[in-house]
Amino acid sequence: MSTPPGLGPHLIGTRVVVRRLVPGETGPSGGPAMTDLLGVMESWDGSITTVRAESGEVTAIRLADIVSGKAVPPRPSVRLRVSPEEAERRANASWPALETRSVGDWLLRASEGFSSRANSVLAIGEPGLPLPEALACVTDFYVERALPVWAQVVVGSAVHREIEEYGWVRARPGEADTLFQLGSVSRTLRAVRRVLPPVVPPVSVTAAAVEGWLANDQRAVEGRDAALGVLEGPEEVGFVLVEVDGLPVAKGRVAASGDWAGITDVWVSPEQRRRGLGAVVMASLLEWAAERGATTAYLQTRGDNPAALGMYDRLGFVTHHEYRYLTPA
């Protein structure tokens, strides 16, 4: 059977519009009646394709009845209209610092050195002070705790420009900025299930970071108490671990806050890569999020990590904004 124009199995998982004949009905002109169906193509075999409409209803369409069809871009997502400032504040809930203090809209964070995010000022919005005074408060806060003086800024924001004009520079020279990415929990979960390996190894999901989960994280090993305080800090958090012969080979972490879920610490052992374990971890993380009513998933990935970015792109994540760290020159 010939392939209907514009369609094919390569569009599985893609939003499509399909024009098809309505068997037994006559159109206004006296010819065959036709109708259009908009939705996500879920399957394709030698004679039938199935399309899921936004209502959730799945329609099976005979290929012989299809007149034409094509892929259509996804409807603009409401979640992408969220400002970078609001997105960063939501993300902060999934990675809570042990100690915080406000300077206007800015949030000073300290966690005994465990992770950059939990030990930098989230510089978004207005500090409520002239910039030199605000930056002096930031400097004093971190010097008192013997921590590097770092500010996390949204790339291209007014705060970013003002702090750089004041003389602050990149805290990580030569490193790519971090991409803050968003995705639909339901859509990414459907996508990741399609790429799971034929045999899925046992996966454990716990509410605390067990020894095997911590084993490969040198930062956590060196600063265990602070690490556990940050990692286990959210009200709802899940730790996914895949082990082979008692050894950890893949893991990830997810925290829920409202209808958003933050995914962090996705890792696959180098000798176990290209075997689908990243997909296994992501599926477990997204299932955990969906069970708790989350509709939006977010993650942060360095721009110089093409392997991770490629996987997240295939799952439907898109870059919302970028951020970087600044420090006094």
Side-chain angles (χ1 to χ4, degrees), residues 82-155 157-160 162-163 166 168 170-172 177-178 180 207-209 214 217 219-220 222-239 253-265 294 296 298-300 320-328:
V82 170
S83 70
E85 290 76 16
E86 181 180 346
E88 287 293 345
R89 293 194 188 283
R90 285 176 177 261
N92 190 67
S94 74
W95 199 258
L98 303 184
E99 179 186 3
T100 61
R101 183 185 301 174
S102 295
V103 177
D105 295 332
W106 293 10
L107 185 65
L108 296 159
R109 304 170 294 186
S111 301
E112 299 176 16
F114 176 74
S115 80
S116 301
R117 269 188 292 156
N119 292 274
S120 58
V121 58
L122 182 58
I124 56 177
E126 297 294 334
L129 295 170
L131 186 63
E133 294 181 30
L135 294 179
C137 289
V138 171
T139 300
D140 291 344
F141 180 84
Y142 290 105
V143 168
E144 288 171 3
R145 290 156 183 77
L147 293 170
V149 182
W150 281 23
Q152 180 189 343
V153 298
V154 173
V155 174
S157 66
V159 173
H160 171 204
E162 291 167 1
I163 294 179
Y166 193 74
W168 287 39
R170 284 177 178 263
R172 292 171 170 167
D177 294 327
T178 300
F180 188 106
L214 292 168
D217 191 334
R219 297 178 309 167
E222 293 174 354
R224 183 184 178 88
D225 291 343
L228 291 178
V230 174
L231 292 168
E232 298 177 353
E235 291 185 8
E236 287 194 288
V237 61
F239 296 86
R253 173 185 173 276
V254 58
S257 177
D259 60 349
W260 281 42
I263 293 173
T264 62
D265 296 283
T296 296
Y298 58 92
L299 45 82
Q300 296 104 320
H320 182 268
H321 65 273
E322 299 178 23
Y323 68 80
R324 71 175 58 148
Y325 297 98
L326 301 178
T327 191

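Any value given below was found using the heavy atoms of this structure, including those in side chains, with hydrogens, waters and symmetry copies removed. What you are looking at is a predicted structure, and each value in this text was computed from that prediction instead of being measured.
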Does [X] use its side chain to pair, donor to acceptor, with the backbone of [Y] at less than 3.5 Å?
X: E232; Y: A209; value: yes
X: D105; Y: E126; value: yes
X: T296; Y: W260; value: no
X: H160; Y: A123; value: no
X: Y142; Y: W150; value: no
X: N119; Y: A110; value: no

Any heavy-atom pair between the side chains of [Y] and [X] that's under 4.5 Å?
X: E322; Y: V154; result: no
X: V103; Y: L108; result: yes
X: I263; Y: Y298; result: no
X: S116; Y: R172; result: yes
X: I124; Y: V159; result: no
X: I163; Y: V153; result: yes

Show me the donor-acceptor pairs within less than 3.5 Å that the side chains of residues 223-231 make with the rest of the protein, sequence neighbours left out.
residue, atom, partner, partner atom, Å
R224, NH1, E211, OE2, 3.3
R224, NH2, E211, OE2, 2.6

Quiz item: Step by step, would you call H321 with V155 a side-chain contact (heavy atoms from CB on, under 4.5 Å)?
Solution: CA-CA 8 Å; H321 65 273; V155 174; over 6 Å; no
Which heavy atom in [X] sits nearest to a heavy atom in [Y], and how many Å separate them?
X: S102; Y: L107; result: OG-CD1, 4.0 Å
X: W168; Y: T139; result: CZ2-OG1, 4.1 Å
X: P234; Y: S94; result: CG-O, 3.6 Å
X: L214; Y: A220; result: CD2-CB, 3.9 Å

Quiz item: Within a radius of less than 6.0 Å around CD of E99, do more than 12 heavy atoms belonging to other residues, nucleotides or ligands occur?
Solution: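 Correct, the count exceeds 12.
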Practice problem: Would you indicate whether E235, at its atom CD, is surrounded by more than 12 heavy atoms from other residues, nucleotides or ligands within a distance under 6.0 Å? | Solution: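 Not buried by this count: 12 neighbours or fewer within 6.0 Å.
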Self-check item: Flag for T327-R170: side-chain donor and acceptor within less than 3.5 Å
Solution: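 Absent: no donor and acceptor within the cut-off.
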Quiz item: Regarding S115 and R219, is there a side-chain donor-to-acceptor distance under 3.5 Å anywhere?
Solution: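 No.
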Self-check item: Distance in Å, Q300 CD paired with D177 CG, rounded so as to fall on 0.5 Å steps
Solution: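 Spacing of CD (Q300) from CG (D177) equals 13.5 Å.
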Exercise. Report the distance from atom CZ of R101 to atom SG of C137, rounding to the nearest 0.5 Å.
Key: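 That separation rounds to 8.5 Å.
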Self-check item: Verdict with supporting geometry, L129 and W106, side-chain contact (heavy atoms from CB on, under 4.5 Å)
Solution: CA-CA 10 Å; L129 295 170; W106 293 10; over 6 Å; no
Practice problem: Pick out which of R109, R117, Q152 makes a side chain to side chain donor-acceptor pair (under 3.5 Å) with N92. | Solution: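 Filter result, single survivor: R109.
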Practice problem: Step through it carefully: locate the ring centre of Y323, locate the ring centre of F180, and say whether they are under 6.0 Å apart. | Solution: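 Not under 6.0 Å, so no.
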Quiz prompt | Worked verdict on V149 versus V143 for side-chain contact (heavy atoms from CB on, under 4.5 Å) | solution = CA-CA 7 Å; V149 182; V143 168; 4.2 Å; yes
Quiz item: Which residues pass the salt bridge (charged side-chain N to carboxylate O under 4.0 Å, His left out) test with E86, sequence neighbours left out?
Solution: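 In terms of salt bridge (charged side-chain N to carboxylate O under 4.0 Å, His left out), with neighbours along the sequence ignored, E86 is linked to R90.
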Practice problem: Using salt bridge (charged side-chain N to carboxylate O under 4.0 Å, His left out) as the criterion, list what pairs up with D265, not counting sequence neighbours. | Solution: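 With sequence neighbours excluded, D265 shows a salt bridge (charged side-chain N to carboxylate O under 4.0 Å, His left out) to no residue whatsoever.
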Quiz item: Is E112 paired with R145 through a side-chain N to carboxylate O contact shorter than 4.0 Å?
Solution: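 So R145 does not pair with E112 through a salt bridge.
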